S.K.: 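One structure coming up, written as structure tokens, with questions to follow.
In this chain, numbering begins with 1 at the start of the sequence shown. Basis for what follows: all heavy atoms, side chains included, without hydrogens, waters or symmetry-related copies. All values derive from a computational prediction rather than experimental measurement.
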Amino acid sequence: MMSSLRFARFAKEFMNYGVRKRSSLLSCPVSKRFCSSAPKPSDNDSKIVTKTLNSGVTKVIELAEKPIQSKQVAKSVPSTHVVKFEQAMSQGKTRENFIEVLEAFTKDNQPRRGHMELLKTSLEYMEKFGLEGDLEAYNAMLNVFPRERFKNRTLFDAIWPKMHPQVDLALEILTKMEENVIKPSLETYDLCEEIYGRASQPVQKCRRLAFWLTKLEEMFPHPLPHVLPEDEVELSKLALERMTKDPIPILIYQEGNEEKGIDFIVGSQTLNQRSILESYDAEKPVYVEGPHFVWIRRLKRHFYTLRSHGCEGKEEEDLEDGEGAVLAVCMTNTSCSQETLQQWISRLQDQTPNLANIKVIFNLHTTEQGHL
């Protein structure tokens with residue numbers, strides 16, 4: 001008897017729940033939208049939310065739409081290190097002003113708190129001060145690191161070094177020295193050993209830089225000056241000197257003038273090349289090829305060559321490559337035209353009259369900038 005009464009009560013509550021659920025769904029604005037008899041709501045209408053209470057009464061709540069307000073982004077305030085470097089730049093972009101900011105930090109801040117932010121800022125301002133190639137500036141930056149914190153204490157620390165962000169920053173400073181071909185001094189090595197210990201990655205990096213940069217200096221017969229000239233003609237002279245081991249005569253065939261649209265022409269021709277061109281067979285053509293390129297540190301210079309046909313004018317030991325002998329070389333602007341190269345050939349004809357009887361074929365290709 002009790003079970004039947006309990007079942008009847010459960011059935012009645014289930015039916016009432018279905019009626020309430022159906023009424024709430026019909027009163028919902030989403031269901032009215034799909035109903036053909038209900039009007040379509042406009043954009044200005046407020047949202048209607050129905051809520052069914054425990055007693056079975058449906059309560060309608062209207063929610064007014066609030067306009068979306070854009071969030072105001074707070075302006076970033078420059079750090080104190082940026083302000084100090086800017087003040088130093090206003091006094092003059094010199095090495096002394098740059099190092100003075102670093103020394104003031106080490107004197108006023110003995111624990112060296114915030115040294116990572118200072119060094120990252122100094123790396124950005126090195127180019128603005130023009131100190132990418134200054135060794136004293138790099139040593140002053142390494143001197144900012146605190147001592148006795150990052151040394152390897154045990155053998156296991158040397159084999160499996162701990163990950164310190166200061167080590168990565170020191171390697172970044174040494175890598176910048178490598179990119180600018182700055183050989184570390186004894187002071188640089190002592191600073192790395194004092195800060196990180198003998199068995200550390202910065203000390204190993206410093207040793208490799210000192211070894212390989214010294215080897216590379218001995219490999220080049222004509223070392224470049226510390227400061228490269230800004231003049232295009234002087235820079236082309238340096239490039240031509242480094243293209244051969246023997247000293248060669250370098251001639252300026254034409255001075256450049258950007259206002260008049262005249263390209264400069266700097267070339268070289270040895271006495272042996274001139275003699276080959278004087279006795280050259282007039283029935284065989286010569287070829288102007290290029291542009292080829294050579295690197296002067298980070299500067300890319302283009303040059304053109306005057307070659308003979310086949311193996312004409314080459315010695316017996318050089319006949320295997322199948323290319324013609326180089327009879328002359330010239331350097332000019334990257335955006336030079338064929339007319340500029342024709343002027344170079346006419347200047348060579350004044351020195352070697354036999355070239356006027358020889359057919360010249362221009363075998364040119366475009367560069368990355370789209371010029372000849």
S.K.: Please name the pair of heavy atoms, one in Pro202 and one in Leu174, separated by the smallest distance, quoted to 0.1 Å.
M.R.: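 Minimum heavy-atom contact is O-CD1, 3.4 Å.
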S.K.: Would you say the side-chain atoms of Asn354 pair up with the backbone N or O of Tyr280, donor to acceptor, closer than 3.5 Å?
M.R.: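 Checking the backbone N and O of Tyr280 against the side chain of Asn354, a donor-acceptor pair under 3.5 Å is found.
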S.K.: Hey, are the side chains of Leu142 and Cys192 touching, using non-hydrogen atoms and a 4.5 Å cut-off?
M.R.: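 Yes. Closest side-chain heavy atoms under 4.5 Å.
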S.K.: Roughly how far apart are Gln269 CD and Gln351 CD, rounded to 0.5 Å?
M.R.: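 CD of Gln351 is found 6.0 Å from CD of Gln269.
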S.K.: Are Val288 and Ile361 packed together at the side-chain level, in the sense that at least one heavy-atom pair is separated by less than 4.5 angstrom?
M.R.: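 No - every pair of side-chain heavy atoms lies 4.5 Å or more apart.
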S.K.: Nearest heavy-atom pair of Ser268 and Gln273: which atoms, and what distance?
M.R.: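 It is O-OE1, 4.3 Å.
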S.K.: When rounded to the nearest 0.5 angstrom, what distance separates CD in Glu86 from CE in Met89?
M.R.: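 Those atoms lie 5.5 Å apart.
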S.K.: Name every donor-acceptor pair, under 3.5 Å, that has one atom in a side chain of residues 96-107 and the other anywhere in the protein, sequence neighbours excluded.
M.R.:
{"unit_1": "Asn97", "atom_1": "ND2", "unit_2": "Gly92", "atom_2": "O", "d": "2.7"}
{"unit_1": "Asn97", "atom_1": "ND2", "unit_2": "Thr94", "atom_2": "OG1", "d": "3.0"}
{"unit_1": "Thr106", "atom_1": "OG1", "unit_2": "Glu103", "atom_2": "O", "d": "2.8"}

S.K.: Are Tyr189 and Trp212 in one and the same hydrophobic cluster, where Ile, Leu, Val, Met, Phe, Trp and Tyr link if side-chain heavy atoms are under 4.5 Å apart?
M.R.: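 Hydrophobic grouping puts Tyr189 apart from Trp212.
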S.K.: Surrounding CZ of Arg113 (heavy atoms of other residues, nucleotides or ligands, distance under 6.0 Å), is the total greater than 12?
M.R.: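 Check fails, neighbour count at 12 or below.
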S.K.: Are Val82 and Leu169 connected in the hydrophobic side-chain network, where two residues link if heavy atoms are under 4.5 Å apart?
M.R.: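 Yes; tracing contacts between hydrophobic side chains, which count when under 4.5 Å, links both residues.
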S.K.: Do the non-hydrogen side-chain atoms of Glu289 and Phe362 ever get within less than 4.5 Å of each other?
M.R.: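 When only atoms from C-beta onward are counted, Phe362 and Glu289 do not touch, as no gap falls below 4.5 Å.
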S.K.: Is there a path of hydrophobic side-chain contacts, each under 4.5 Å between heavy atoms of I, L, V, M, F, W or Y residues, that connects Phe145 with Val203?
M.R.: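 No, Phe145 and Val203 fall in different hydrophobic clusters.
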S.K.: Can you tell me how far apart CG (Leu209) and NZ (Lys183) are? Round to the nearest 0.5 Å.
M.R.: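 Here the interatomic distance stands at 11.0 Å.
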S.K.: Does any non-hydrogen side-chain atom of Asn143 lie less than 4.5 Å from one of Asn139?
M.R.: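 Side-chain contact under 4.5 Å: no.
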S.K.: Do you know which two heavy atoms are closest between Glu117 and Ser79, and how far apart they sit?
M.R.: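 So the minimum-distance heavy-atom pair works out to OE2-CB, 3.2 Å.
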S.K.: Heavy-atom count check: over 12 atoms from other residues, nucleotides or ligands less than 6.0 Å from Phe293 CZ?
M.R.: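 12 or below, so no.
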S.K.: In plain terms, say whether Lys205 and Glu178 are close enough for a salt bridge, that is, a side-chain N and a carboxylate O under 4.0 Å apart.
M.R.: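 Here Lys205 pairs with Glu178 in a salt bridge, since their nearest N and O are under 4.0 Å apart.
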S.K.: I need the Ile250 CD1 to Ser236 OG distance, nearest 0.5 Å.
M.R.: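 Output value for this atom pair is 9.5 Å.
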S.K.: Once you round to the nearest 0.5 Å, how far does CG of Leu277 lie from CG of Leu327?
M.R.: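 Result: 5.5 Å between the selected atoms.
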S.K.: Within the structure provided, determine whether His115 and Gln166 are in side-chain contact (heavy-atom separation under 4.5 Å).
M.R.: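 Heavy-atom side-chain distance check passes, below 4.5 Å.
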S.K.: Kindly indicate whether the side chain of Thr340, heavy atoms from C-beta on, has any atom under 4.5 Å from the side chain of Ile265.
M.R.: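 Side chain of Thr340 against side chain of Ile265, heavy atoms only: contact under 4.5 Å found.
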S.K.: Would you say Pro291 and Phe303 make side-chain contact, with heavy atoms under 4.5 Å?
M.R.: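 When only atoms from C-beta onward are counted, Phe303 and Pro291 do not touch, as no gap falls below 4.5 Å.
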S.K.: Atom CD of residue position Glu179 - does it have more than 12 heavy atoms of other residues, nucleotides or ligands inside 6.0 Å?
M.R.: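 Count over threshold, so yes.
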S.K.: Taking the side chain as every heavy atom from C-beta outward, state whether Leu306 and Val326 have any pair of such atoms under 4.5 Å apart.
M.R.: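 Counting from C-beta outward, Leu306 and Val326 never come under 4.5 Å.
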S.K.: Does CZ belonging to Arg207 count more than 12 external heavy atoms closer than 6.0 Å?
M.R.: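 For Arg207, atom CZ is crowded (more than 12 foreign heavy atoms under 6.0 Å).
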S.K.: Among His302, Lys237, Met243, which residue meets the side-chain contact (heavy atoms from CB on, under 4.5 Å) test with Met331?
M.R.: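 Result: among His302, Lys237, Met243, Met243 is the only option passing the side-chain contact (heavy atoms from CB on, under 4.5 Å) with Met331.
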S.K.: Working to the nearest 0.5 angstrom, can you tell me the gap between Tyr196 OH and Cys206 SG?
M.R.: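 The distance works out to 12.0 Å.
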S.K.: Between Lys176 and Glu132, is there a salt bridge with N-O shorter than 4.0 Å?
M.R.: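 No, this pair does not count.
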S.K.: Working note: Arg307 + Val286, criterion side chain to side chain contact (heavy atoms under 4.5 Å, CB included); need CA distance, chi angles, decisive distance, verdict.
M.R.: CA-CA 6 Å; Arg307 282 187 178 274; Val286 291; over 6 Å; no
S.K.: Using the rule that two of Ile, Leu, Val, Met, Phe, Trp, Tyr join whenever any of their side-chain heavy atoms come within less than 4.5 Å, decide whether Tyr304 and Tyr287 are in one cluster.
M.R.: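 No, Tyr304 and Tyr287 fall in different hydrophobic clusters.
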S.K.: Look at the aromatic rings of Phe129 and Phe85 and report parallel, tilted or perpendicular, splitting at 30° and 60°.
M.R.: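 The arrangement is perpendicular - the two ring planes meet at more than 60°.
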S.K.: Without hydrogens or angle criteria, can the side chains of Thr332 and Asp263 be said to hold a donor-acceptor pair below 3.5 Å?
M.R.: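 Checked: Thr332/Asp263 side chains show no N/O donor-acceptor pair below 3.5 Å.
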S.K.: Let me check something: do Leu171 and Ile182 share a hydrophobic cluster, defined by ILVMFWY side-chain heavy atoms less than 4.5 Å apart, either directly or through other members?
M.R.: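 Yes, same cluster.
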